[in-house]
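Just so you know, residue 1 is the first one in the sequence shown, and it goes up from there.
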Amino acid sequence: MSGKPVRHGGTDLPVLLPAADRLRRKAAAERLSGGTAPRLRLHHGAILLAIFLVSAGVAAAQSLPAREPTLQVIVKWLPVLLDGFLFNILISFLAMAIGTGIGTGLGLLQISLLPPLRRGSWVVTQFFRNAPWLVLLFYCMFLLPFEFRVGGLTIPFPDWVKATIGLALPVMANVSEIVRGAIVSIPSGQWEASESLAFTRRQTLWQIILPQCIKRMLPPWMNLYAILTMATVLASIVGVSEMMTQANRVLAAEDRPDLLIPIYSFVLLCFFVYCYPIARFTLHLERRFHVNL
């Protein structure tokens, strides 16, 4: 039995409602207030698939009889498009790993007892969190060198690495806020109880506070990764050979305007197929851990 005291059955004595009852009351309140925000569903993917198939049919009807059918063209270029999509996934993995590692440390600095560290980490977090992702991407592309010289050895610095760093910067700032928010959300009684047991601040943080923060941080962290994956198409603007770049090359090679909507619909469908399981698992974790994003 868990819950909060309520007045029940005409008596002034407080009673505890079961958790299931509280959840039903919460759902009823959400329905009365207009319901919850719309969520990503499987039928949204079916709509994208229908758009892709309809656009492919329209393109086939508009094309000349001597030209290849639209679906046959997409199948022909499928290895190229999927190779670019795998590059999107690689960039998202690396950017998320770099951003998570640095952002976790930055979030811990935001709760530091030393004012210079706390204020400095706050400034860095807010700057990169509120900066446009594309602007950061351009800064990294044009300010970072194209190669490094170490002694007599020249080490190239490819564009996709710079794009990964550019995308990792806003991820770092958002992870920093996720970590800080999760730590602050822990009741202050946890800190006070640990202090009464002679735990140091470091022991309290690593052994008591952070383990409780994991379930609070995981859903927004996964949501951030899904956003990052969809944002990797920004790398096409700076010439990285990801899926959007490859799609534009396919359109240029075929020189067929009727392929524009089918090709881009296929790109949308690939990202949906990859991000939909992440979104559903995030919702599962929200329900399990009762986390509101």
Side-chain angles (χ1 to χ4, degrees), residues 37-96 132-138 141 158-160 162-164 166-167 170-171 222-283:
R39 299 288 192 176
L40 192 63
R41 304 293 183 185
L42 189 59
H43 69 266
H44 296 141
I47 293 174
L48 288 178
L49 179 60
I51 293 174
F52 168 67
L53 294 177
V54 170
S55 62
V58 172
Q62 292 178 345
S63 62
L64 297 176
R67 289 184 173 179
E68 290 181 285
T70 304
L71 290 178
Q72 186 174 340
V73 172
I74 293 177
V75 170
K76 180 179 69 175
W77 291 101
L78 191 60
V80 175
L81 294 173
L82 292 183
D83 182 66
F85 184 60
L86 291 176
F87 206 30
N88 285 89
I89 296 176
L90 174 63
I91 292 175
S92 69
F93 270 30
L94 294 176
M96 197 69 193
W133 291 34
L134 186 58
V135 174
L136 295 176
L137 197 59
F138 272 110
M141 293 299 298
D159 289 343
W160 70 269
K162 292 188 281 187
T164 300
L167 292 173
V171 172
M222 292 181 62
N223 188 55
L224 177 62
Y225 174 70
I227 295 173
L228 170 64
T229 302
M230 291 181 285
T232 54
V233 296
L234 293 174
S236 64
I237 300 177
V238 291
V240 178
S241 298
E242 45 75 60
M243 192 177 196
M244 200 66 179
T245 304
Q246 301 292 53
N248 292 330
R249 289 173 181 171
V250 169
L251 292 172
E254 291 292 331
D255 194 22
R256 290 176 54 180
D258 57 291
L259 291 176
L260 183 67
I261 296 180
I263 291 291
Y264 286 162
S265 298
F266 179 73
V267 173
L268 279 173
L269 192 59
C270 288
F271 276 94
F272 180 87
V273 170
Y274 182 74
C275 292
Y276 178 74
I278 299 175
R280 296 304 302 174
F281 190 57
T282 302
L283 293 177

- Task: Measure the spacing between CG of Leu78 and CZ of Phe85 and express it to the nearest 0.5 Å.
- Result: 12.0 Å
- Query: What is the distance from atom OG of Ser241 to atom CG of Asp83, rounded to the nearest 0.5 Å?
  - Reply: 9.0 Å
- Note on the structure: Between Leu167 and Ala231 the two heavy atoms that sit nearest each other are CD2-O, 4.2 Å
- Task: Look up atom CD in Glu254 and atom CH2 in Trp77, then write down how far apart they are to the nearest 0.5 Å.
- Result: 6.0 Å
- Over all atoms of both residues, closest heavy-atom pair of Ala95 and Val171: O-CG1, 4.2 Å
- Query: Just wondering, do Val240 and Ile91 contact through their side chains at under 4.5 Å, heavy atoms?
  - Reply: yes
- Sidechain-backbone polar pair: Gln72 side chain, Val75 backbone, donor-acceptor under 3.5 Å: no
- Task: Kindly determine whether Leu228 and Leu224 satisfy side-chain contact (heavy atoms from CB on, under 4.5 Å), including the steps that lead there.
- Result: CA-CA 6 Å; Leu228 170 64; Leu224 177 62; 5.5 Å; no
- Flag side-chain contact, heavy atom, 4.5 Å: Asp159 against Val238: no
- Note on the structure: Rounded to the nearest 0.5 angstrom, the CD1-CE distance for Ile89 and Met96 is 15.0 Å
- Query: Taking all non-hydrogen atoms of both residues, which atom of Cys275 and which atom of Ala226 are closest, and how far apart?
  - Reply: SG-O, 4.1 Å
- Message: Run the side-chain contact (heavy atoms from CB on, under 4.5 Å) test on Trp160 and Leu94 for me, step by step, so that the C-alpha distance in whole Å, both residues' side-chain angles and the decisive distance to 0.1 Å come before the verdict.
- Response: CA-CA 11 Å; Trp160 70 269; Leu94 294 176; 3.5 Å; yes
- Task: Check whether any side-chain heavy atom of Asn248 lies under 4.5 Å from a side-chain heavy atom of Tyr264, and answer yes or no.
- Result: yes
- Query: Could you give the distance from CG (Asn88) to CZ (Phe271), rounded to the nearest 0.5 Å?
  - Reply: 4.0 Å
- Item | Non-hydrogen atoms of Leu251 and Leu260 that approach each other most closely | CD1-CD1, 3.6 Å
- Looking only at heavy atoms, the pair that brings Ser236 and Glu242 closest together is CB-OE2, 2.8 Å
- Item | Atom pair OG1 (Thr229) and OH (Tyr274), whose distance is rounded to the nearest 0.5 Å | 5.0 Å
- Leu137 side chain reached by Ile237 side chain, heavy atoms, under 4.5 Å: no
